[in-house]
There are 2 protein chains.
Amino acid sequence: MYICPMYSSELLKGTLKTIVLNLLKDNGRMYGYEITQRVKDLTGEKIQITEGALYPTLHALESQGELQTEEVFIGKRVRKYYTLTEKGQSTAKEKVNELVDFMNTMKFLLDLEPRTGNG
Amino acid sequence: MYICPMYSSELLKGTLKTIVLNLLKDNGRMYGYEITQRVKDLTGEKIQITEGALYPTLHALESQGELQTEEVFIGKRVRKYYTLTEKGQSTAKEKVNELVDFMNTMKFLLDLEPRTGNG
DNA sequence: CAAATATACATAAGAATTTTAGGTATACAA
DNA sequence: TTGTATACCTAAAATTCTTATGTATATTTG
């Protein structure tokens, strides 16, 4: 039984930074691959962040001073852990508030009844 | 007193078709400029659809058979009214369902408490 | 132990969508 | 008559993501 189609990918656009910042806010520190798997697991595979989108985003957030990195060796492999900077913490809150506000606005816009008798 | 900043435009990405289809579903028929003004009014200027984004989207939806047009002269000016085709009506419902589902998934993803004691 | 899969990083070409910036023209208000 | 609103349109550039590819180590499976 096939249940969970992914969303048509357009919807995800613009939410990636918010997702990343918020996951790091809740989880302290995470590495890239872990983020992709966590999002996949938590959403029942409905949202799948591709590495081609994630890694450039992580690099951008780092260069903007939102994230800082810490490299840890796991055997012979390097794993790059990301944590929020102070700036990143406030940005995370702003982004989440903005997204919640946006979603409420969208619901209002979409749930509207046909306007009869008031316009 | 300045209250209502627009959303950082990234969030809007991917929602334009859904907004257009749903407005037409609720309002029967509308023309392009009307859509921009309606969205602006209904959202307190938080969401502003630019004409550069809207018109190409309307043309695309029409060429995909989601919309049909009707030209009406207002004085010397042509006004292009858009209405949903049958295909457009079912697409509108699908798109709205998809967006609502997506927003619920996002809220779940963002409202998560730090996971302590279960991993 | 060989092969396949999973982990883990990364970049780059191309696609899709939007912004920004223009263009045209009529209608109306100051 | 000058500015603003209405009403359509297009195109270059920017943004963001997908798809495809590359590299390498670790683990599982036959």
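What's counted below: heavy atoms across the whole structure, side chains too, no hydrogens, waters or symmetry copies.
- Taking only side-chain nitrogens and oxygens, B:Thr50 never comes nearer than 4.0 Å to OP1 or OP2 of C:dT18.
- Summarising the geometry, atom CD1 belonging to A:Ile19 is positioned 5.0 Å from atom CG belonging to A:Leu12; distances are rounded to the nearest 0.5 Å.
- One atom, NZ of A:Lys13, and another, P of D:dC17, lie 7 Å apart when rounded to the nearest Å.
- Of the N and O atoms on the side chains of B:Thr91 and B:Glu66, at least one donor lies less than 3.5 Å from an acceptor on the other residue.
- B:Ile49 has its CD1 atom 16 Å from the C1' atom of D:dC8, to the nearest Å.
- Atom NZ in A:Lys76 sits about 12 Å away from atom P in D:dT27, given to the nearest Å.
- To the nearest 0.5 Å, atom CG of residue B:Leu99 and atom CE of residue A:Met103 are 9.5 Å apart.
- One interatomic measurement links the two molecules: CD1 of B:Ile35 to C1' of D:dT6, which rounds to 15 Å at whole-angstrom precision.
- Side-chain atoms of B:Thr85 come within 3.5 Å of backbone atoms of B:Gly65 as a donor-acceptor pair (strictly under, hydrogens ignored).
- As rounded to whole Å, 16 Å separates atom C1' of C:dT19 from atom CD1 of B:Ile47.
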What are the atom names and distances for every N/O pair under 3.5 Å that joins the protein to nucleotides 8-11 of chain C?
unit_1, atom_1, unit_2, atom_2, d
C:dA8, OP1, A:Arg79, NE, 3.3
C:dA8, OP1, A:Arg79, NH2, 2.2
C:dA8, OP2, A:Tyr31, OH, 2.6
C:dC9, OP1, A:Lys80, N, 3.2
C:dC9, OP2, A:Gly32, N, 3.4
C:dC9, OP2, A:Tyr33, N, 2.6
C:dC9, OP2, A:Tyr55, OH, 2.9
C:dC9, O5', A:Tyr55, OH, 3.4
C:dC9, N4, A:Glu51, OE1, 3.1
C:dA10, OP1, A:His59, NE2, 3.3
C:dA10, OP1, A:Lys80, NZ, 2.9
C:dA10, OP2, A:His59, NE2, 3.1
C:dT11, OP2, A:His59, ND1, 3.4

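- One can place CZ of B:Arg38 at 13 Å from P of D:dA7, the figure rounded to the nearest angstrom.
- As a whole-Å value, the separation of A:Leu12 CG from C:dA16 C1' is 14 Å.
- Taking the side chain to side chain contact (heavy atoms under 4.5 Å, CB included) definition, one finds that A:Glu34 meets it with A:Met30, A:Tyr31, A:Arg38, A:Tyr81, sequence neighbours left out.
- B:Phe73 places its CZ atom 13 Å from the C1' atom of D:dA7, with the value rounded to the nearest Å.
- By the salt bridge (charged side-chain N to carboxylate O under 4.0 Å, His left out) test, A:Glu62 is found to be paired with no residue, residues two or more places apart in sequence or in another chain being considered.
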